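Notes for the one structure printed next.
Computed from a predicted structure; not experimentally measured. Each chain gets a letter, A, B and so on, in the order its sequence line appears, and its residues count up from 1.
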2 protein chains.
Amino acid sequence: MPSTIRDVAKIAEVSVATVSRVLNRSATVKEGTRQRVLKAIEECGFTYNAIARSLSTRKSVTIGVIVPAITNPVFAQSTKGIQDFANSCGYSIILGNSDYSSKMEDQLVEVFKEKRVEGIVLTCSDIRHEYIQRLKHSKLPFVLLYNIPFDKELNLVTIDNYKAAYEIVEHLIHLGHRRIGMIAGYFNMSDRSLVRSQGFKACLNEHGISFQQRDLIETDLTFEGGKRAMKTLLEVTPPLTGIFCSNDFIGMGAIKTIREKGLRIPGDISIAGFDDIEMASYFYPELTTIHQPAYQMGVKGAELLFKILSGEVEGPRQIILDHSLIVRNSCGPVNQLKQ
Amino acid sequence: MPSTIRDVAKIAEVSVATVSRVLNRSATVKEGTRQRVLKAIEECGFTYNAIARSLSTRKSVTIGVIVPAITNPVFAQSTKGIQDFANSCGYSIILGNSDYSSKMEDQLVEVFKEKRVEGIVLTCSDIRHEYIQRLKHSKLPFVLLYNIPFDKELNLVTIDNYKAAYEIVEHLIHLGHRRIGMIAGYFNMSDRSLVRSQGFKACLNEHGISFQQRDLIETDLTFEGGKRAMKTLLEVTPPLTGIFCSNDFIGMGAIKTIREKGLRIPGDISIAGFDDIEMASYFYPELTTIHQPAYQMGVKGAELLFKILSGEVEGPRQIILDHSLIVRNSCGPVNQLKQ
DNA sequence: GTGTGATATGTAACCGGTTACTGAAAACGG
DNA sequence: CCGTTTTCAGTAACCGGTTACATATCACAC
């Protein structure tokens, strides 16, 4: 039913090759012929079949994108960045949500391979998973986003999570806090969370504060996760005065719990987040957090992927974008009376 | 370089048809032969080429999804719903962001047609756009999400925006408010915003409150848009005591402005939102808003599309999901002293 | 031993584009 | 005006699967 270039060729009384040439502007076609072809295309309502083209050219003009959760604004932003860049290159994106499951990531990669995506931009739970090694040894180019560069041979765009965590915890220490806890994402779901906790511990350590295991809780990277974890941390005695959270969602969830208990922020307890989602500056109290350039992360990731595809870049590239400490007012000086 | 079923066939010493049959379990193949083929596939690292299959079967096993902005959690949720449903049917999704531009929507549809998606789930700025008519007359099945059913012949999943707006404005009126303003999304970017404003006006009218044009401002459906618009509405005299916002983002932006002016919510002014994004219940003050089942919207939309694809459903279906008024504490009784 | 139907497999055309190769026509130079 | 080069267009093979149709094999009944 949908017409093909052979139909067009027949109507315009030219060969299929000529139609193809008009379609691709790939070679010179006499203006008169071109017009005839264009008219024929119009006439029979021809719609180009990108699948046939892909089979023939071995280019799908599509890249795959895997994110843990598109509902997290950080990943929504970077996906938007990838998309904008890809679209500007004439590419489409196939999207997959992994729900922070490496098994799902692996499955999505397999589907993407079958669909012959030309490359993948993915944020995975941990780059040390075995399937990443397999992917590395296949010739399918891919770029990791947000992940920890445990392997220098992988293409990756990220920030320095360790340093960022260190800095924001140090901010709490400078404010006088000594009893600091952390609510982290489950380590097996996010290598970022693991490394942020390492930055957290290192900072405590280097400031002569001993770390207690019960002051660190792993949870879901969601409002609900933060809310739940905070309930547990509130039981700690002597009470913690500052909490570093693995992301802003957790931070906001924690704040909700604290408010429900009738405590004040930052008067009784300071909360630090991570990501600087747009919400963070509209929240009350405005969230002190680490800004990471999410949209840029997507753009840079896509850009790197396309450079690899075009051969402009060869070896592994690891791009570390700048983060910054955003001081707002969810963290304040420790309450000396309570100390 | 990547091997094909012909390579596999050669190694296993069978015909390509047999390999294809093993791959698709489409016909009985003797167990011994099957094993030989499977071994050969393993041996030469064969990866199925979905593109070739698509060309041959005329099924891309892919659907297109168009959203105005994936960074809006409402659309992120519904996209997740679509994705989950599609994946469970073995389908992938191609994603497109339109940035609320109908021109972009149209372009994305064209790309999707070329890529031979089997159907589209889209949220468009206004279903009365000309390209929707064109789409309707092409044989590509599609389902609209969130849009207003101006055209009964279109497949669509939505809520009753008019009624929902009416209800929440009535809630404000019941709280004693008489001077109520609205911050709406630009009407040309969102038919929802237009209809919500109609519900708003109708409610005022039926409660004997005369509507003033200057009390309604159109803006971007973002924090920033709400923040900006609220600055203008704060100039209105006598001051408004309640504001209905087209979505929660706008509501939160408006609250930010109000807080910056040193006014109290809901003491001085009540703010009502729309959407009930997860954030709304973590926000301070917790947002009174209209809940709409975003994830479900995606699931239902995808479900409807697949039913159409399978022929299980024929004529146009319009599914109106339930919304609900969520009363929290960003709206309170009007301050009688100020009245 | 032969006929019959079921089962297993092979052959080759087809999906709808691209493109290498070839030939015809036009342009150009002397 | 003729040979050479350039421009324009056509033929057909190819991309990697699917599948209609044909054929071969086998079991079984009589």
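- In terms of phosphate contacts, Ser15(A) brings no side-chain nitrogen or oxygen within less than 4.0 Å of OP1 or OP2 of dA9(D).
- For the residue pair Lys115(B) / Ser92(A), a side-chain donor-acceptor distance below 3.5 Å is found, with atom types taken as modelled.
- A donor-acceptor distance shorter than 3.5 angstrom exists from the side chain of Glu105(B) to the backbone of Ser125(B), with no hydrogens or angles considered.
- A donor-acceptor pair is defined here as one N or O able to donate and one able to accept, closer than 3.5 Å; no such pair exists between the side chain of Ser56(B) and the backbone of Ala52(B).
- A residue-by-residue look at Thr28(A) and Ile51(B) shows that Thr28(A) has its nearest nucleotide of DNA chain D further toward the 5' end.
- Between its opening and closing five pairs, the helix from dG1(C)-dC30(D) to dG30(C)-dC1(D) changes axis direction by 40°, a value rounded to 10 degrees.
- Residue-level contact check: Thr18(A) touches the backbone only, with heavy atoms under 4.0 Å from sugar-phosphate atoms and none from bases.
- When each of Ile70(A), Val117(A), Ile82(A), Leu122(A) is paired with Val65(A), the side chain to side chain contact (heavy atoms under 4.5 Å, CB included) condition holds for Ile82(A) and for no other.
- Under 4.0 Å is where a charged nitrogen must lie from a carboxylate oxygen, and between Arg34(B) and Glu31(B) at least one such pair does.
- For the pair Lys59(B) NZ and dT19(D) P, the computed distance is 11 Å after rounding to whole Å.
- Residues Val143(B) and Ile308(B) are in side-chain contact: their nearest non-hydrogen atoms beyond the backbone lie under 4.5 Å apart.
- Residues Tyr91(B) and Phe306(B) bring their aromatic ring centres within 6.0 Å.
- At a cut-off of 3.5 Å, with distance as the only test, a side-chain donor of Ser78(A) or Tyr146(A) sits close to an acceptor on the other residue.
- Comparing Ile5(A) and Val16(B) along DNA chain C, the residue whose closest nucleotide (by nearest heavy atom) sits nearer the 5' end is Val16(B).
- At the heavy-atom level, Thr57(B) lies under 4.0 Å from the strands shown only through sugar-phosphate atoms.
- Enclosure of atom CD in Gln133(B) by more than 12 non-hydrogen atoms of other residues, nucleotides or ligands within 6.0 angstrom is indicated.
- For Lys10(A), the NZ atom counts as loosely surrounded, since its 6.0 Å shell holds 12 or fewer non-hydrogen atoms of other residues, nucleotides or ligands.
- Near DNA chain C, meaning a heavy atom under 4.0 Å away, the residues from residues 30-46 of chain B are Lys30(B), Thr33(B).
- Contact between Arg192(B) and Tyr100(B) at its shortest, heavy atoms only, is NH2-CE2, 4.4 Å.
- Interface limits on DNA chain C: the 5'-most and 3'-most nucleotides within less than 4.0 Å of chain A heavy atoms are dG16(C) to dT19(C).
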